2 protein chains.
Amino acid sequence: MATVSRVLSSKPGNQSVRPETRRRVLEVVDRVGYRPNDLARALLQDRTATVGLVLPDISNPYYPPLVRGVEDAASALGYRVMLCNTDRDENKTAAYVDTLIKTRVDGIVIAGGSTSVGMLHRVLEPYRTKVVVVGRHQLEYPSVQVDNVAAVHEVIEYLTGLGHRRIGFVAGPASSITVQDRHEGYRAALRAAGIEYDERLVREGDLQEQSGYDIASALAAPPSRPTALVAANDRMAVGAMAALIDAGLRVPDDVSLVGFDDVSLASYLRPALTTVSVPTYDMGCAAMELLSRELEGGGQAAGTESRALSTTLMLRDSCAASPD
Amino acid sequence: MATVSRVLSSKPGNQSVRPETRRRVLEVVDRVGYRPNDLARALLQDRTATVGLVLPDISNPYYPPLVRGVEDAASALGYRVMLCNTDRDENKTAAYVDTLIKTRVDGIVIAGGSTSVGMLHRVLEPYRTKVVVVGRHQLEYPSVQVDNVAAVHEVIEYLTGLGHRRIGFVAGPASSITVQDRHEGYRAALRAAGIEYDERLVREGDLQEQSGYDIASALAAPPSRPTALVAANDRMAVGAMAALIDAGLRVPDDVSLVGFDDVSLASYLRPALTTVSVPTYDMGCAAMELLSRELEGGGQAAGTESRALSTTLMLRDSCAASPD
DNA sequence: TTGTAGGCGTTATCAA
DNA sequence: TTGATAACGCCTACAA
């Protein structure tokens, strides 16, 4: 048994097995299709080489690239990934975290603001499970972020540069910090541009296409129609574009439109959607790498390391000079 | 120890613990945040309550709903899900399967034709790991399917009903069985409609938007331009629509367009995309349920059970009578 | 260079 | 009703 173990988990400085023996072992291993049981190994070494990935909903096109990033990095670093969709539901989140603890995952990547990171902290307290957060900026855990506030600033500057003053905003639910930051950035950027915040130009959607459609339809009514619309994500932007077209308005001639996320279809819409590209794939990779560093790094590691990635405004065809 | 175990894993017919003791145990469990180690449990019971989900690429919008389906069903049935993106790469697939065996997952849901199910079979042979396949129709494993051939038939019938005779096809790579079936269905349906298969109207893409764009651009050249185009998936259809519009053609007046999958954005394109809705979420659920049945079902179970779900042609605005 | 023994955290069995 | 013990499959000392 011990010899087989030595052959199979041959570490660099560990050559105490005769070549001939090694060969024989490998021959049998191959013949019977033997695979060491990682459960037993994990039990002994107190390390599962598995991480949990907790996010609101993989069906939201924002997440798949992030998941790929996490998984590709995990795979490269020798970790497995367990997927957990919470729908931002506290109960589901708690249940998943419970499960993750029971399987003794080494770490957890948590993306998309579950409101209760405090809860997480308390539950995880007796364990060594490391946590990395994506898209939030709290001090308890290391995080990977993007400056959404600055990103909106860039958008608003671009639009005001085109002469727009009445700029509407298709907001998202309070449960998403990312989306809240975009909303906050919108207010701040307007202020910076000397434009008063007009709440009649803002409506809150649920990040799905239909709500973008409904909101744009409502906002498109003549009395106070904005000349430009910024949506908190591309899905709502797509819905909004459909609504504007259906209302007989031309994009961008009558109304300019800007999205957020740069999902893969954005550049194939007609007009192609101007939007803010968020490096979600890279964020996923970075998160996993941060987590790995925490884990390999022995002790409680470098406190609250944090990594900031930058967004890019993708100028395409959905914006034009204000008709005013 | 034994008492704590009894309290925590109280099975129905297993009440041999004094209420007062139970209370005390639970009190301490709660106080110290104790969670049983599922690794040890799994080691002993030879059951991990974990399944692997193997698919080509979560970034392909076809998959997220399927993944949700698998995960929701898994969660409801008490299983965890490990995610594996293979990119249809044999090596990655083999490596992931290896990992899954080492962690002793109870079963594997494999979606999207990896060519080497034979390999899978051989590697898995020494283990009790159950497998369910989504979207393929082979006899080794139970499967969940959709009749892609029939779906294309319906599309072609619809188009011929609108007077189309020159119908192009934006095909996909041979590595995807689903997409091959759609291609096969296209040939068969044309034949059934008495239309000759014209290979100049068919080009193979890679399922991404850009290839749809390129193919539609090529096909839009005047000499032999088709009056209708069917794409093997929505992403390519979106690219194709952009290409047609860019070529100065009107959809659907000059060219009708049909997609496949009914991704969430399809109905928000303008014109709204007529496409075949595939119940991917339900397929995911069904796959996990099938797998669970195999697992709970004790022995090697009901041979090769198989479940077929049906598609729906979503009539929207991207098709019109042939201009011919 | 190889073999033996102990223990990781559970649960099942058997004794008390 | 509760406690002690063996075993799940592996790895790491330590002995041979």
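As the structure is a prediction and not an experimental result, all values here were calculated from the model. Each chain gets a letter, A, B and so on, in the order the sequences are listed, and its residues count up from 1.
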Give me the atom names and distance for the closest heavy-atom approach of B:N60 to B:R235. CA-NH1, 3.6 Å

Whole-Å distance separating the [atom1] atom of [X] from the [atom2] atom of [N]:
X	N	atom1	atom2	result
A:R104	C:dT10	CZ	P	6 Å
B:D38	D:dG9	CG	C1'	17 Å
A:R18	C:dT2	CZ	P	5 Å
A:M1	D:dC8	CE	P	11 Å
A:R6	D:dC14	CZ	P	14 Å

With respect to the side chain of B:S16, which nucleotide from C:dG9, D:dT1, D:dC11 is positioned closest? D:dT1

Closest to the A:A2 side chain, choosing from D:dG3, C:dT4, D:dC11: C:dT4

Of B:R24 and A:Y34, the one whose closest nucleotide on DNA chain D sits nearer the 5' end is B:R24

Walking DNA chain D from its 5' end, the first of B:T21 and B:L43 to be reached, judged by nearest nucleotide, is B:T21

Does either side chain, that of B:Y96 or that of B:N85, offer a donor lying less than 3.5 Å from an acceptor on the other one? no

How is B:R35 classified with respect to the nucleic acid when contacts are heavy atoms under 4.0 Å: base, sugar-phosphate, or nothing? sugar-phosphate

